[in-house]
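Written below as C-alpha cells is the structure these notes are about.
Protein chains get the first letters and strands the later ones, always in sequence-line order, with residue 1 at the start of each.
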Amino acid sequence: MPEGNVIHHQARRLTRAFGQQVVEVDSPQGRFATGASVVNGQRFVDAQAFGKHLFIAFAGPAVAEQHAAKRRSGDADNWVHVHLGLFGKWRIGKGLPPAERGLIRMRVIGETHYAELRGPTACEVINFAERDALLARIGPDPIRRDADPQRAWQRVQRSKAPIASLLMDQRVFAGVGNIYRAEVLFRHNISPFRPGCELTWADFAAIWADLVDLMRQGTKRGRIDTVRTEHRPEAMGRDPRQDRHGGEVYVYRRAQRECFLCGEEIQLMDLQGRKLYWCPGCQVA
DNA sequence: GCGTGATGTTGAA
DNA sequence: TCAACCTCACGCC
C-alpha cells in the first residue's frame, strides 16, 4: 500500500541487494513465468522508481559483452516493470529464500540476497519504447532530482479540478498518494476543494518544495512523517502512542478527532472513491 | 475464525 | 461512477 517514497526506498534496497549481479529469476506462482524466463540469468543492472512505478533494468549477454565498461541503466536490454497497486509487497532478505509462503509472482535470487514480490497490479517485461511511453504518461516526481515542477504547475494552473484531486493525479504529481495529499494541504492551510486555477505560484511552489522535503525524508526512513517538530507529541504534551500510522500525521485517518492546532473536528469524505481528510478550522480556503 | 479495509489503477458502463 | 483486481493485517467474535 505504498506511496512513491516506499517505491524509491525499495528501489534502493533492491539495487543494494542485487546491483550488477547475475541473478536467478522465477515465478513460483506462475503468472510471471514467461517474463521470468526472459530475464533469468541476466545481469540485474539496477532498480529505479518513477512515481509509484518501479523499473528493474536487466542486461543480457550481448550487452554485457559490448558494454562491459558501461554499467548504467541505459545499457539494459529490457526492464521488468512493477506497480504494487494497493496490495503489492516486496520481501527482501539475506541468504536463500524460505520455503514458499503465499503466492509469489516474482522471485529474484542473487549472490547474497533474495527478493519476493506478491500481489502487484503490474509485473511485466517491457522494452525501451514501452518504458518511454509509460514515463511520458506520468508527471514529475518530487523525489527525483530530474523532476521538472513546471510541468505540474502548468497543469494545476489550467485546471478547475480541486487541488485534492490534482495531487492524486499521477499525470500531474507522480508518487503522491492519499497520505501526502492530505498532509501537505494541511501543512499549507489550503482547502482541498480550492480549484487548481485558484492557486498562486507561491502556493504551488510551497507545496512542491514541501513534497520534495517530506517525500525524500520518507524515502530514507521508509515511512511517512509530516508533523513539524514544534507540533510533535513531546512538544505539545500528547500521548505519543496515539494517532500514529507508522509515522506521525496531522489529519490522515484522524476523522472525528480534534485537530492538534485548532481543536476542530477532522473531517472525512469520499472524493472520487478515495478518502479525503482535512481540518475545517485550519484549511478554510 | 471471519469480515473488513488499505498508502492504487484500469477499463467498462 | 463503479466494479474488478490482488494480498495481508487487524479488529471482533
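For B/dT7, the OP1/OP2 oxygens have a side-chain nitrogen or oxygen of A/R274 closer than 4.0 Å. Phosphate contact (OP1/OP2 of C/dT7, side-chain N/O of A/Q29, threshold under 4.0 Å): present. Between C/dC6 and A/R118, no contact under 4.0 Å exists linking OP1 or OP2 to a side-chain N or O. In this structure, A/Y180 does not reach the B/dT7 phosphate: none of its side-chain N or O atoms is under 4.0 Å from OP1 or OP2. Distances shorter than 4.0 Å separate none of the side-chain N or O atoms of A/K89 from OP1 or OP2 on C/dC8.
Rounded to an integer number of Å, the gap from A/L117 CG to C/dT7 C1' is 11 Å. Atom pair A/R253:CZ and B/dT7:P shows a separation of 6 Å (rounding to whole Å applied). If you take CG of A/D270 and P of C/dT1, they are 10 Å apart, rounded to a whole angstrom. Note: CD (A/Q170) to P (B/dT9) measures 4 Å, nearest angstrom. Counting to the nearest Å, the P atom of B/dA6 and the CD1 atom of A/I224 are 15 Å from each other. Atoms CZ (A/F87) and P (C/dC8) sit 11 Å apart, rounded to a whole Å. Residue A/L54 contributes atom CG, which lies 15 Å from atom C1' of B/dG8 at whole-angstrom precision. Between A/M168 atom CE and B/dG8 atom C1' the separation is 8 Å, expressed in whole Å.
By the 30° and 60° cut-offs, the orientation of the rings of A/W153 relative to A/F204 is tilted. Classified by interplanar angle (parallel below 30°, tilted 30° to 60°, perpendicular above 60°), the ring pair A/F128/A/W79 is tilted. Using the six-membered ring where Trp is involved, A/F18 and A/F44 have ring planes that are tilted, between 30° and 60° apart.
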Would you mind writing out the side-chain donor-acceptor pairs for residues 258-270 of chain A within the sub-3.5 Å range, not counting sequence neighbours?
unit_1	atom_1	unit_2	atom_2	d
A/Q267	NE2	A/E265	O	3.0
A/D270	OD1	A/G273	N	3.0

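The C1' atoms of C/dT1 and B/dT7 are separated by 23 Å, rounded to the nearest whole Å. For C/dC8 and B/dT10, the C1' atoms lie 22 Å apart once the distance is rounded to whole Å. Separation of the P atoms belonging to C/dC5 and B/dA13 is 14 Å when rounded to the nearest angstrom.
The backbone N or O of A/A285 lies less than 3.5 Å from no partner atom in the side chain of A/S191, so there is not a single donor-acceptor pair.
Residue-to-nucleotide proximity on DNA chain B shows that, of A/K275 and A/H83, the 5′-proximal contact is made by A/K275.
Nearest nucleotide to the side chain of A/R31, out of B/dT7, C/dC6, C/dC8: C/dC6.
Using modelled atom types and a 3.5 Å distance limit, the side chains of A/Q21 and A/R43 yield no donor-acceptor pair.
For the pair A/R144 and A/F50, the distance from NZ or CZ to the six-membered ring centre is under 6.0 Å and the angle to the ring normal is within 45 degrees. A cation-pi contact, defined as under 6.0 Å to the ring centre and within 45° of the axis, links A/R131 to A/F55.
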Would you list the protein and nucleotides 10-13 of chain B atom pairs, both N or O, that sit under 3.5 Å from each other?
unit_1	atom_1	unit_2	atom_2	d
B/dT10	OP1	A/R137	NH2	2.7

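Contact annotation for A/Q272: no contact, since no heavy-atom pair falls under 4.0 Å across all strands.
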